[in-house]
Structure formats: structure tokens, C-alpha cells
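Note that the structure is a prediction, hence the values are computed from the model and not measured. Atoms within each ligand, like the ligands themselves, are counted from 1 in listed order.
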Amino acid sequence: MIEGKILNFLRKNKDIYISGEMLSEKCGISRVAVWKHIRRLKKMGYVIDAISHKGYRLLRASDKMLPYEIQNNLRTEIFGKEIFFYDSVASTNDTAYALAENGAKEGAVVIAEHQSKGKGRFNRIWISPKQTGIYFSCVLRPKMPLKEVPKITILVAVAVAESISKTTGLNIKIKWPNDVMINDHKVSGILTELKAEQDEVDFVILGLGINVNTPKNVLPSHATSISCENGKPVDRVALMRMILEKIEQYYKEVFKRGHFNDIIKKWKQYSYPMGSKVRINLHHKKIIEGSFHSLSSDGTLLVKLTDGNIKEISAGDVEIVKQKND
Ligand code: BTN
């Protein structure tokens, strides 16, 4: 992409003005074409100073989650090599699903600054206010049987928890299967959808929503944002990059090297403690109670029921029941 080339060049020479002539030579286009691309970059939110007879200078990068920003120094081989950016979509999961049906490659990312119909598990709404959060979906084409798909949610939750913890130093918890929490309030959720034939996965759409700089008053009472807990705004692009890098690392560990046990170990460092009292809504009017026992080798939840039996749960909503001394 020519705009990417122009940007990289301006980025590397941030302290000086680069002439239109130089840019036209470097990119193999006319000076008028350079000017048109600069105008497009400005429209995307880049602040570029232009002085006649001197040239162009990048004063400030765009604060949108643009592919040029995310891909700048992104150390991945699969995830985010192709990024589709939108100011607004209904749901990035739906857009990514349509792209996957049309052959989008593994690792292709759809990212939006706003979603008008952001969705969560069990048909819930994912509130996605403009330019405050991270809302993206990624196309995965793992060669694995259906029963292994829950492993994706587990490894992504670990990648997100670690990235937020590293960025902020805050105490992060994971609530099975897909909630990342700060101070018992939800800050991020994962929604995986898939297309499969018989037992074979065709593709998985991994959707991730994070309340990054979202003001508290637009969020539901059980939710929070990183900046609300941290007291200062967070660089969304840097966080996104870190998450993509970690997802790629753990995805390869699990599905190329078969090391899911290592992910479970990490997961346990962030999970609510073993023995925590839990109430689980299984969504067919059935609620069970017990204590958190462990995670199985496939990523399902093992709960110790009040009669002492262990029950394996593959889908449901977990509520951590607070004890008097908590
Ligand atoms: C949940 O916690 O129930 C899952 C929330 C997932 C939200 C993300 S935002 C990006 C992607 N697009 C969607 O419509 N949903 C996911």
C-alpha cells in the first residue's frame, strides 16, 4: 500500500520535512499522487504538516486503530498480517464470518471503531461506543476436531489477561470461560463462532471486545474499563499489538505443538482460586451450585457439587458466590 510506504518514510524522518519529490521517487508515483495520498492520510486522522518548497512532516499519528498503526512493529507471522478496518460495522464477527466464507486467510483481522450490533454470548449485546474500546474479530482455520474449539477461548483469555496485566500492573482475573475481570467487574469478553461440517472445523471466528478507555457511565453496572480502574487512558494500538502477538504465540503452542497444559498452568494463575463457591446458569432453566474444582485437559470447567461429585461443564454462565469473609 502506497499510503503505508509514505507513512513509514515520514515516521522514520519525524524531525524533518520530506519533499514531495523525494516521496514520489521513493514510491514510484507522481507528486500529484503523493499529495492525494497525503490528503487521504489526513482524513484518516494523521496530522501532517505541509509547507510549500519544504515538503511534508508527520506531526502526530492517527488515534484510530488503523492497520498502519497496528502493523507497525507487529511481531507476528499469522495474526494481523491482513487487517480490515472500519469506522463502524454492525458486528465485526459478522463481517469476519462473511469474509471467511469468501476465503479470507487464517489470521485475517476485522477491526472497527464502533459496532452498532456488537454481540456477546447467549445473544447479549456488547456495548461498543466509538473510539474507546477494542472490538475485533479474527479468522482462524485450525485443523482440529470440534471438541477442541473451547481451547481457543481459554488461550485467548490468558493472552488478554496477561497483556492487560503487563500494560497496567492491575490485578486481573479470568472467570471461565470467557470473561476477563478487574475488581470483579468485566472488562473483556470473547465470542467464538464457527462453521463446521460433521466433526471437522471449517473456520472459527474469534471475537474479542475490551473496554479500554470507555467511560463508566456508558457501561452496564457489572462492567468496567481499563482506564476506569487504572485512572489513566491506555494506548489501544499498543495493547492490540501485544494481544495479537500473545494469541499467536499461544495458538501455535496449543495447535502446532500440543502444549495446552502450559496454557492451563498460566490460566490457573489468573483464575479465581480453586474452591471458590460458584453458581452456574446452564441456560435451560437449570442452575447448579458447587465449588470451582479445576479445568479439564480440553478447557471445560470441573465443578465439585455439594454432594461431592465432580461435574464437567462445557457451556454456561459462572457467578462467583461471595463468602462472608471475602
Ligand atoms: C461476551 O462476553 O459475551 C462476548 C463479547 C464479545 C464481544 C466482541 S466485540 C468484537 C466481536 N464482535 C462482536 O459482535 N462481538 C465480539
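- In summary, the atoms of ligand 1 found under 4.0 Å from a heavy atom of Lys119, numbered by their order in the structure, are 5 (C), 6 (C), 7 (C), 13 (C), 14 (O), 15 (N), 16 (C).
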Only distances under 3.5 Å count here; give the side-chain donor-acceptor pairs of residues 251-263 to other protein atoms, sequence neighbours excluded, each with its distance to 0.1 Å.
residue, atom, partner, partner atom, Å
Tyr251, OH, Glu106, OE1, 2.9
Lys252, NZ, Glu77, OE1, 2.8
Lys252, NZ, Glu248, OE2, 3.1

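- The distance from ligand 1 to the heavy atoms of Gly118 drops below 4.0 Å at these ligand atoms: 14 (O).
- Shown are Lys36, Arg40, Arg39; of these, the salt bridge (Lys or Arg N to Asp or Glu O under 4.0 Å) with Glu3 is made only by Arg40.
- If you number the atoms of ligand 1 from 1 as listed, the ones under 4.0 Å from a heavy atom of Gly120 come out as 1 (C), 3 (O), 4 (C), 5 (C).
- Contact atoms of ligand 1 toward Gly209: 7 (C), 8 (C), 9 (S) (distance under 4.0 Å to a heavy atom of the residue).
- By the criterion of a heavy-atom distance under 4.0 Å, the side chain of Lys186, and not its backbone, is placed next to ligand 1.
- Atom 3 (O) of ligand 1 has as its closest protein heavy atom Arg121 N, 2.7 Å.
- For the residue pair Glu312 and Thr300, a side-chain donor N or O sits within less than 3.5 Å of a side-chain acceptor on the partner.
- Atom numbering of ligand 1 starts at 1 in the shown order; those under 4.0 Å from a heavy atom of Thr92 are 10 (C), 11 (C), 12 (N).
- Scanning both residues, Met65 and Ile111, for their nearest heavy atoms gives CE-CD1, 3.6 Å.
- Not counting sequence neighbours, the partners of Tyr97 by the ring pair (Phe, Tyr, Trp, His ring centres under 6.0 Å) test are Phe203.
- Taking the centre and axis of the six-membered ring of Tyr17, the NZ or CZ atom of Lys54 falls inside the cone set by 45° and 6.0 Å.
- With a heavy-atom cut-off of 4.0 Å, Phe136 touches ligand 1 through its backbone alone.
- Considering both main-chain and side-chain atoms, Gln115 comes within under 3.5 Å of ligand 1 through a nitrogen or oxygen pair.
- With respect to Met240, the side-chain contact (heavy atoms from CB on, under 4.5 Å) criterion is satisfied by exactly one of Val237, Leu244, Ile243: Leu244.
- Near Ile190, with a cut-off below 4.0 Å to any heavy atom, the atoms of ligand 1 are 4 (C).
- For ligand 1, the atoms sitting less than 4.0 Å from at least one non-hydrogen atom of Asn178 are 1 (C), 2 (O), 3 (O), 4 (C), numbered in the order shown with element in parentheses.
- Near Trp126, meaning under 4.0 Å from any of its heavy atoms, are these atoms of ligand 1: 2 (O), 5 (C), 7 (C), 9 (S).
- For the residue pair Glu69 and Tyr46, a side-chain donor N or O sits within less than 3.5 Å of a side-chain acceptor on the partner.
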